[in-house]
Undergrad: 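The structure is given below, and queries will be raised subsequently.
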Amino acid sequence: MEGWDPNTKSTLTRIPLLTTKAGPRDGDAWKQRLKEEYKSLIAYTQMNKSNDNDWFRISASNPEGTRWTGKCWYVHNLLKYEFDLQFDIPITYPATAPELELPEIDGKTQKVRAFFLPDRQCFLLNWLLFFY
Amino acid sequence: MFFPCNLGQLFCSVFSFVGLIITLLSLNPFALHTLPVSLRNPFEFLKSASHILSQIFHITFGSSLYLTRVGMESEFKAMLDDLDVLEKSLSDPAPIHKLRSHVENIATLSKSNPHRRSKVKELSSEVVDSNPYSRLMALQRMGIVENYERIREFSVAIVGIGGVGSVAAEMLTRCGIGRLLLYDYDTVELANMNRLFFRPDQVGMTKTDAAVQTLAEINPDVVLESFTMNITTVQGFETFASSLKNKSFCPNKEGSGVDLVLSCVDNYEARMAVNQACNELSQTWMESGVSEDAVSGHIQLLVPGETACFACAPPLVVASGIDERTLKREGVCAASLPTTMGVVAGLLVQNSLKFLLNFGEVSPYLGYNSLKDFFPTMQMRPNPQCSNGVCLERQKEYMLAKPARDAAAKAKMEADALTVTDDGPVHDDNEWNISVVDDENEKDTTKASSSSDTLPEGLTRELPVADEYEKGIAIGSGEAEEEDDLEDLKKQLEALNAA
């Protein structure tokens, strides 16, 4: 956690940590993990809402909880830019992080991507799901 | 009712075709000679000429070289037959004679193109120019490989058909490997042209399709199976694992359906997926990698339970908690050189051949630093605290099998000793009374004492000795105190999302 900015750190300390180390192929352990993922997601979304810095919606799109879809957005000069957000949980999760996909800006120039996908947000979500 | 319409269309097409033919003929030196003929016998000529022209066009400019080469001979034959018919129907056969000679010239030119050879039943060691295996079978005569023909029984899976994987696949194909399984989800891009194997005309094809196209042409004896998918997803992994288990190629083989898995991927996720599959199947595999700056690389042999698995010793970048993707940003890409990739592919396949055909020493790890031409080798033992549960299981199995392994090694040593004593003295006379003093035992004891237990004063061991399986390490399964329902949690999140 060294090298993280204080905001990210303080956010993380207020999210329930995940204790089960399990991936999609671990059967019941994965179900347990999924519950913990949900709990931390709920806590984080609630926190975002109460702080008025809500920036994404995500929910499982299959019963196994291995594919997730939703939206993420960014407000710039009073304009809201919203994009589809999707990712698969790799079988080696949580040893490896899922790769977030924003299909609508895939292939756009670096400037567009850097504008709409601030690293901070991308990493936060990554680590949220990754941390255990 | 439709007649006028059809007729109109017919006229349109005929006229446009006439225009095309006249344009084409006007480019021909003998166009003026043929024009009166076409007036005399217009329909016959149009029909035959268009056929011939389309045939020439198809053969000369056909988009797929492969298809034209296969059907070329029969096409030329048909064309010459057509010309015969045409020649008989014309009063002035001179231009047709010319056309005929041109066609014959093209036909002979096409014959000089290499043909696809037919499959061979058995590898022959006969030294003739037409034998694709003579140089490989010579390895037997040179005393390097005992039985090279065994290579046709082996199946090798290559994961990642990029700069290293594609070259490795070509090398194994040229060596006459029995079966290759190829996995990749990417397509060929112009940015890949600084590496070997893929050609610019394959841009846009999936790497697996392009590889199968080239490899099948190089050696039709190799059974090629390709899988265009991402092995890190749940579904992709299932397909990957089941394809490794499939034993249809060699039903009598022990263990899985392949003899070796080569990982030639460019990211940590995919390596971990290969690691997981191979640990689960107890499948020996080899890892390969080229550094981001394109000047160094490595290959590593991984035998589940016996050597370190990929999770036992994660790469420095992962161990220090850096996200690999921060290295791979848009607009910044990894460097690559065909040289380094070719060298690493060569090292990888060389090690694979030694492993499969049982010659030389198989390197457990071989590094390559191109800046200093330094090739470090080392052995990596499994980590008794590995984070991968299946790896720990394999380690346990390996420990438990130690007595049997020791007995086998001892029996082999005794057998070797027997054959040595049978030989008798090499020289009958010993004029200078030279004798060999046995110092093996002395050396052994000093070596053992210095390497096993006693350490110099002030030094302690950081990790436990791995010769015994440690039972103490259990993965924290983390029993939850409160029982929550997954559906409830789902609904909570949905409610939150909807609000």
Side-chain angles (χ1 to χ4, degrees), chain A residues 1-3 18-26 28-29 31-39 41-42 45-46 48-49 54 56-60 62-67 70-71 88-93 95-100 108-114 117 119 122-123 126-127 130 132, chain B residues 230-238 240-241 267-277 279-280 310-311 314 318 320-326 328-332 386-390 475-499:
Chain A
M1 278 165 69
E2 275 163 45
L18 296 97
T19 55
T20 307
K21 192 189 155 211
R25 302 184 70 252
D26 294 332
D28 286 342
K31 277 190 186 143
Q32 183 56 38
R33 170 82 186 197
L34 211 52
K35 286 178 192 172
E36 296 178 13
E37 298 275 1
Y38 269 112
K39 277 189 224 166
L41 253 177
I42 290 165
T45 314
Q46 269 168 346
N48 279 343
K49 285 193 170 191
D54 209 12
F56 73 93
R57 290 279 170 274
I58 196 88
S59 54
N62 63 356
E64 299 83 27
T66 57
R67 174 129 189 106
K71 299 258 180 213
D88 279 296
I89 303 284
I91 53 112
T92 43
Y93 184 82
T96 66
E99 191 158 0
L100 301 187
K108 296 278 190 298
T109 62
Q110 191 204 352
K111 204 175 167 186
V112 174
R113 287 176 62 99
L117 197 64
D119 281 345
C122 186
F123 279 170
N126 250 347
W127 280 98
F130 183 36
Y132 58 91
Chain B
N230 181 355
I231 62 158
T232 66
T233 62
V234 176
Q235 212 187 351
F237 186 82
E238 294 297 325
F240 176 52
N267 63 82
Y268 179 62
E269 285 81 9
R271 284 191 174 91
M272 286 297 273
V274 176
N275 187 56
Q276 180 71 25
N279 275 345
E280 284 178 19
F310 198 73
V318 176
S320 44
I322 304 163
D323 189 334
E324 193 186 25
R325 279 187 284 272
T326 58
K328 274 202 230 158
R329 281 161 192 266
E330 201 79 12
V332 180
C386 180
S387 62
N388 187 303
V390 200
I475 328 141
S477 57
E479 288 296 316
E481 313 90 44
E482 75 257 70
E483 278 300 307
D484 293 290
D485 187 39
L486 197 59
E487 288 305 313
D488 278 356
L489 287 166
K490 232 181 223 179
K491 274 177 199 150
Q492 275 184 47
L493 184 67
E494 291 303 324
L496 212 56
N497 281 348

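Everything numeric in this text was worked out from a predicted model, so none of it was measured. FYI, side chains are in, hydrogens and waters are out, and symmetry mates aren't considered; it's all heavy atoms of this structure.
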Undergrad: Less than 4.5 Å to any heavy atom of chain A: does that hold for the side chain of Glu280(B), its backbone, both, or neither?
TA: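 Just its side chain gets close to chain A.
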
Undergrad: Could you give the distance from CG (Leu493(B)) to CD1 (Ile58(A)), rounded to the nearest 0.5 Å?
TA: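 If I round to the nearest 0.5 Å, the distance is 9.5 Å.
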
Undergrad: Tell me whether the count of non-hydrogen atoms from other residues, nucleotides or ligands lying under 6.0 Å of NZ in Lys49(A) goes above 12.
TA: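 Yes - once you tally the heavy atoms of other residues, nucleotides and ligands closer than 6.0 Å, there are more than 12.
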
Undergrad: Between Lys71(A) and chain B, which part of the residue has a heavy atom less than 4.5 Å away: side chain, backbone, both or neither?
TA: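 Neither; nothing under 4.5 Å.
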
Undergrad: I'd like to check Lys21(A) versus Ser387(B) (side-chain heavy atoms, cut-off strictly below 4.5 Å). Are they in contact?
TA: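 In short, these two side chains touch, coming nearer than 4.5 Å.
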
Undergrad: Once you round to the nearest 0.5 Å, how far does CD of Gln492(B) lie from OG1 of Thr45(A)?
TA: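 Reported value, rounded in 0.5 Å steps: 11.0 Å.
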
Undergrad: Hey, could you give me the OG1/CD1 distance between Thr232(B) and Ile91(A), rounded to the nearest 0.5 Å?
TA: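 Atom-to-atom, Thr232(B):OG1 and Ile91(A):CD1 are 7.5 Å apart.
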
Undergrad: Hey, could you give me the CG/CD distance between Asn230(B) and Glu99(A), rounded to the nearest 0.5 Å?
TA: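 Going from the CG atom of Asn230(B) to the CD atom of Glu99(A) covers 8.5 Å.
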
Undergrad: Inspect the surroundings of CD in Glu238(B) and state if more than 12 heavy atoms from other residues, nucleotides or ligands are less than 6.0 Å away.
TA: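 More than 12 heavy atoms, drawn from other residues, nucleotides or ligands, come within 6.0 Å of this atom.
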
Undergrad: Would you say Glu64(A) and Val234(B) make side-chain contact, with heavy atoms under 4.5 Å?
TA: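 Side-chain contact under 4.5 Å: no.
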
Undergrad: Give, as side chain, backbone, both or neither, the part of Arg67(A) having an atom under 4.5 angstrom from any heavy atom of chain B.
TA: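 Neither part.
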
Undergrad: Mind listing the closest non-hydrogen atom pair of Ala95(A) and Met272(B) along with its distance?
TA: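 Looking at all heavy atoms of both residues, the closest pair is CB-CE, 3.8 Å.
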
Undergrad: Which one wins on heavy-atom pair count under 4.5 Å against chain B: Asp88(A), Thr92(A), Ile42(A)?
TA: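 The candidate making the most pairs under 4.5 Å is Ile42(A).
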
Undergrad: What closest approach, in Å, do Lys35(A) and Leu486(B) show between heavy atoms, and which atom pair accounts for it?
TA: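 Smallest heavy-atom distance, with atoms named: CG-CD1, 3.6 Å.
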
Undergrad: Which pair of heavy atoms, one from Ser59(A) and one from Glu494(B), lies closest together, and at what distance?
TA: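 Looking at all heavy atoms of both residues, the closest pair is CB-OE2, 3.3 Å.
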
Undergrad: How many angstroms lie between CG in Leu41(A) and CG in Asn497(B), if you round to the nearest 0.5 Å?
TA: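 Taking CG in Leu41(A) and CG in Asn497(B), the distance rounds to 8.5 Å.
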
